[in-house]
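Just so you know, ligand 1 is whichever comes first in the structure, and atom 1 is the first atom listed for that ligand. For this chain, numbers begin at 1 and follow the sequence in order.
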Amino acid sequence: MNATTDPAQALLDLYCRELKLPGLRKAAPAVAREAAEANQSYTAFLTTCLAQEITSRREHRLAGRLAQARFPAPKTLESFDFLALPDLPKAKVLTLATGAFIRAHENVICLGNPGTGKTHTAIGMALGCIQAGARVRFITAVALAQELLAAQQDYRLPRYLKSWQSIDLVVLDELGYLGLGPGGPLLFQFCAERYERGSLLITSNLDFSRWIEVFGDPSLTAALLDRLTHHAHVLLFRGESYRFRESHERLQATGPLPQSPTPRASEEGGADGSDSPVA
Ligand code: ADP
Ligand code: MG
């Protein structure tokens with residue numbers, strides 16, 4: 001008898017829908033069959049049913065939170081080559097990826113030259129935070145400033161700011177590549193409102209001393225830095241551009257007269273630093 005003709009199955013289907021148990025509804029036929037075959041106790045069977053529902057909810061929530069985060073690229077800490085940046089404390093990065101700093105309403109600030117892996121690491125840490133249950137949203141500083149300006153122009157700034165309150169961690173990428181103009185004070189307001197209420201993970205190519213170039217106002221910049229750095233983990237990305245190094249290596253490897261036909265390990269998966277020692 002199939003699901004549509006078996007009255008017990010149909011009723012189970014109905015109850016699962018009413019109680020909003022999609023994971024159990026999907027898994028129930030197989031779980032019941034396996035329980036019968038293994039001559040399982042009723043308790044073991046019920047436990048498996050509930051475990052299926054829990055797993056399905058976790059997966060569903062994770063997928064939703066990943067979509068909500070809007071990461072620009074699927075980067076992970078496993079694919080980050082920590083050996084390329086010996087000064088970057090790997091153990092600290094991995095600890096931040098557990099999301100404990102979010103519960104303490106602390107911030108993370110990644111500073112360094114372009115191409116040194118700030119955005120990659122930021123996404124990797126934020127991914128870990130999502131897996132630990134946090135709500136995350138990734139946005140560039142310029143995009144956020146533009147959204148804030150648009151919200152202000154439409155007289156919906158308070159509502160717009162409020163819409164960010166449910167986000168536990170805002171990843172603010174690329175602060176400093178472009179000046180923010182009239183968006184500067186609004187971005188200040190955004191960051192100030194999160195102070196001790198939510199976390200920020202900021203990446204910037206500018207040292208703190210040059211943030212004034214972004215915000216354009218010395219006292220505003222000082223006030224922002226005061227708040228941001230009060231509870232902050234600062235990660236320094238000191239090294240040459242990874243992109244530049246990779247293309248340079250590739251160019252050298254594809255020179256006109258290669259010495260030997262040895263395959264180049266760096267071309268694929270060469271950036272995998274998963275087995276690199278803790279820095
Ligand atoms: P930044 O944000 O500092 O400008 P990105 O994080 O965008 O740099 O890195 C540039 C590119 O190089 C990305 O594709 C990134 O995945 C890669 N990359 C940078 N550093 C590393 C590293 N240490 N290991 C693996 N990939 C890296
Ligand atoms: Mg970047």
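For the ligand labelled ligand 1, residue T116 lies inside the 4.0 Å heavy-atom shell. The shell of residues lying under 4.0 angstrom from ligand 1, judged by heavy atoms, includes N113. The closest approach between any non-hydrogen atom of G112 and ligand 1 is not below 4.0 Å. Under the 4.0 angstrom criterion for non-hydrogen atoms, S79 is in contact with ligand 1.
Here is the list of ligand 1 atoms found below 4.0 Å of a heavy atom in P114: 4 (O).
The closest side-chain donor-acceptor pair between T140 and D173, if any, does not fall under 3.5 angstrom. Between S199 and N107, the side chains place no donor N or O within less than 3.5 Å of an acceptor N or O (distance only, hydrogens not considered). If you check the side chains of H230 and Y195, you find a donor sitting under 3.5 Å from an acceptor.
The side chain of K75, and not its backbone, has at least one atom closer than 4.0 Å to an atom of ligand 1 (non-hydrogen atoms only; side chain from C-beta on). Heavy atoms of F80 found under 4.0 angstrom from ligand 1 belong to the backbone as well as the side chain.
When all heavy atoms are compared, the tightest approach of F80 to T116 is CZ-O, 4.3 Å. Looking at every heavy atom in both residues, A122 comes nearest to L201 through CB-CD2, 3.6 Å.
When S204, P72, G117 are ranked by how near their heavy atoms come to atom 8 (O) of ligand 1, first place goes to G117.
Cluster annotation: V142 is not connected to I212 through the hydrophobic network of ILVMFWY side chains, with a link wherever side-chain heavy atoms come within less than 4.5 Å.
An N or O contact shorter than 3.5 Å is missing between A84 and ligand 1 by distance. For ligand 1, the polar-atom distance check against T121 finds no nitrogen or oxygen pair separated by under 3.5 Å.
Although no hydrogens or angles enter the test, the distance criterion places a donor-acceptor pair under 3.5 Å between the side chain of T76 and the main chain of S79.
The distance from the Mg ion (ligand 2) to the nearest N/O/S atom of N205 is not under 2.8 Å.
In this structure, Y160 and W164 have perpendicular ring planes: the angle between them is above 60°, well past the 30° mark.
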